[in-house]
Amino acid sequence: MAERRINNPLRNNIEGVFLLQVFFSMEGKELWARLKGELDMHSADELRRELEASLDHARPEVLLLDMEGVSFIDSSGLGVILGRYRRLKKQGGRMVICRPKPQVLRLLQLSGLDKIMTIEANGPQNNPGGIG
Amino acid sequence: MADQVIRENSMTLEFLSLPENVGLARVAVATFAAQVDITLNEMEEIKVAVSEAVSNAIIHGYDGEPRGKVRVTAERDSSGLTITVTDWGRGIADIAQAMQPAFSTDQERMGLGFAFMQSFMDGLEVTSEPDQGTQVRMFKKYKGERPGN
Ligand SMILES: Nc1ncnc2c1ncn2[C@@H]1O[C@H](COP(=O)(O)OP(=O)(O)OP(=O)(O)O)[C@@H](O)[C@H]1O
Ligand SMILES: [Mg+2]
């Protein structure tokens, strides 16, 4: 299915400098969210809303967060990920984090999130069926 | 890079407690830090530590509202970089408890901010007084791959 961009970029007051963009697409029972930019308290609130709205709407079995484009994350961003994981788990679904950059992976590990959810270092982006 | 002479320098940034200023503070301090030869990894660590301290000032100090000032200073001498983040918000009653990993007064949060500051910096000191505000002081030693250090 062609990628559909359904959100406005989440942007800072400084146009285009600190920016998180989210691109959603649905493949079967998998909801893909491809993130691009920096994930801090500013973008985290907006991302939480976007993810909740898409989870409500799409009711996926799996949420895949493609984090290749995320250049920064802190505890606020990790909190959003954990919150969505909990929601999905309650509904019998699961969550996969794909292609985190080294600095993002390090925080996922320090926070222990890597122990509770699947992290695909190389990402199944060329093989979406492979992790279903 | 060969041995560098590290010149003392300092900067101060003060802003309203708005979320978009977290990125501003992070980039400003990282740019200041990179005036001397630091590694990319050290730069990432500094960015996370600043982000955590400034986010806390806004989220907890001022309850997420733009009703106060946050001041960030960065000072460099030959031994390293000292970063201070100050707010004049609600303050912390029990600092030791607040600094424990996984402790948060907000159920939606992981309680990892102080833990990240602790593991990414070489020194962390918190002073706070209820209803007076909070000051977080962090120190990063210069090491990197610099010879002669
Ligand atoms: N500047 C501050 N003013 C008032 N309270 C603070 C401040 N900084 C931290 N705290 C208190 O310390 C607790 C722990 O802070 P810490 O950053 O470790 O976790 P958190 O902010 O709750 O969660 P996370 O950082 O993972 O999003 C906070 O929940 C808050 O109660
Ligand atoms: Mg925090």
Side-chain angles (χ1 to χ4, degrees), chain A residues 9-21 35-49 51-52 67 70-87 90 95 97 100-117, chain B residues 15-31 39-66 70 85 98-99 101-121:
Chain A
L10 312 174
R11 56 174 70 235
N12 189 288
N13 286 357
I14 303 167
E15 283 264 316
V17 177
F18 315 113
L19 175 94
L20 181 73
Q21 293 175 292
L35 311 183
K36 194 168 182 302
E38 305 200 329
L39 190 34
D40 66 5
M41 73 166 278
H42 181 45
S43 49
D45 280 345
E46 197 59 38
L47 176 64
R48 181 185 298 107
R49 279 194 286 275
L51 286 175
E52 284 297 294
M67 300 196 62
V70 175
S71 55
F72 178 86
I73 193 168
D74 63 15
S75 65
S76 295
L78 295 171
V80 173
I81 295 176
L82 179 66
R84 285 348 91 202
Y85 164 83
R86 285 188 177 141
R87 171 185 171 163
K90 218 182 287 170
M95 196 162 153
I97 293 176
K101 285 196 156 57
Q103 67 267 29
V104 173
L105 180 62
R106 186 175 174 202
L107 292 213
L108 288 166
Q109 289 168 336
L110 273 173
S111 65
L113 289 186
D114 65 318
K115 303 227 168 58
I116 59 171
M117 53 189 96
Chain B
F15 47 82
L16 202 58
S17 53
L18 280 165
E20 50 264 52
N21 290 330
V22 176
L24 176 72
R26 182 165 74 229
V27 171
V29 175
T31 307
T39 65
L40 211 57
N41 192 43
E42 287 169 331
M43 175 119 130
E44 293 298 335
E45 294 176 336
I46 290 166
K47 276 195 197 170
V48 174
V50 170
S51 207
E52 296 298 346
V54 173
S55 297
N56 278 353
I58 297 172
I59 296 165
H60 305 296
Y62 298 115
D63 299 316
E65 287 164 22
V70 180
V85 176
M99 290 178 75
F103 175 86
S104 178
T105 47
D106 181 341
Q107 310 178 24
E108 291 288 297
R109 304 201 155 268
M110 299 185 72
L112 290 178
F114 280 129
F116 287 163
M117 292 181 238
Q118 196 107 55
S119 44
F120 290 163
M121 302 294 280

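In what follows, chains are A, B, ... by sequence order, proteins preceding strands, each numbered from 1.
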Any B/Ile59 side-chain heavy atom under 4.5 Å of A/Ser76 side chain: yes
Closest non-hydrogen atom pair between B/Gln107 and A/Arg86, with its separation: O-NH1, 4.3 Å
N/O donor-acceptor pair under 3.5 Å between B/Glu52 side chain and A/Ser75 backbone: yes
Chain A interface, residue from B/Ser55, B/Ala115, B/Gly111 that has the most non-hydrogen pairs under 4.5 Å: B/Ser55
Answer with side chain, backbone, both or neither: which region of A/Leu107 has an atom nearer than 4.5 Å to a non-hydrogen atom of chain B? both
For the atom pair CZ (B/Arg109) and CG (A/Leu82), what is the distance rounded to the nearest 0.5 Å? 12.0 Å
Relative to chain B, which segment of A/Leu78 carries a heavy atom at a distance below 4.5 Å: side chain, backbone, both, or neither? both
Does any heavy atom of chain A fall under 4.5 Å from the side chain of B/Ile58, the backbone, both, or neither of them? side chain
Is there side-chain contact between A/Asp74 and B/Phe116, with heavy atoms separated by less than 4.5 Å? no
Does NZ belonging to A/Lys36 count more than 12 external heavy atoms closer than 6.0 Å? no
May I ask you to decide whether A/Glu38 forms a salt bridge with B/Arg26, counting only side-chain N to carboxylate O separations under 4.0 Å? yes
Scanning both residues in full, the closest heavy-atom pair of B/Val48 with A/Ile73 reads CG2-O, 4.0 Å
So, do B/Val27 and A/Phe72 sit near enough that their side-chain heavy atoms are less than 4.5 Å apart? no
Are the side chains of B/Glu45 and A/Arg106 in contact, using a 4.5 Å heavy-atom criterion? yes
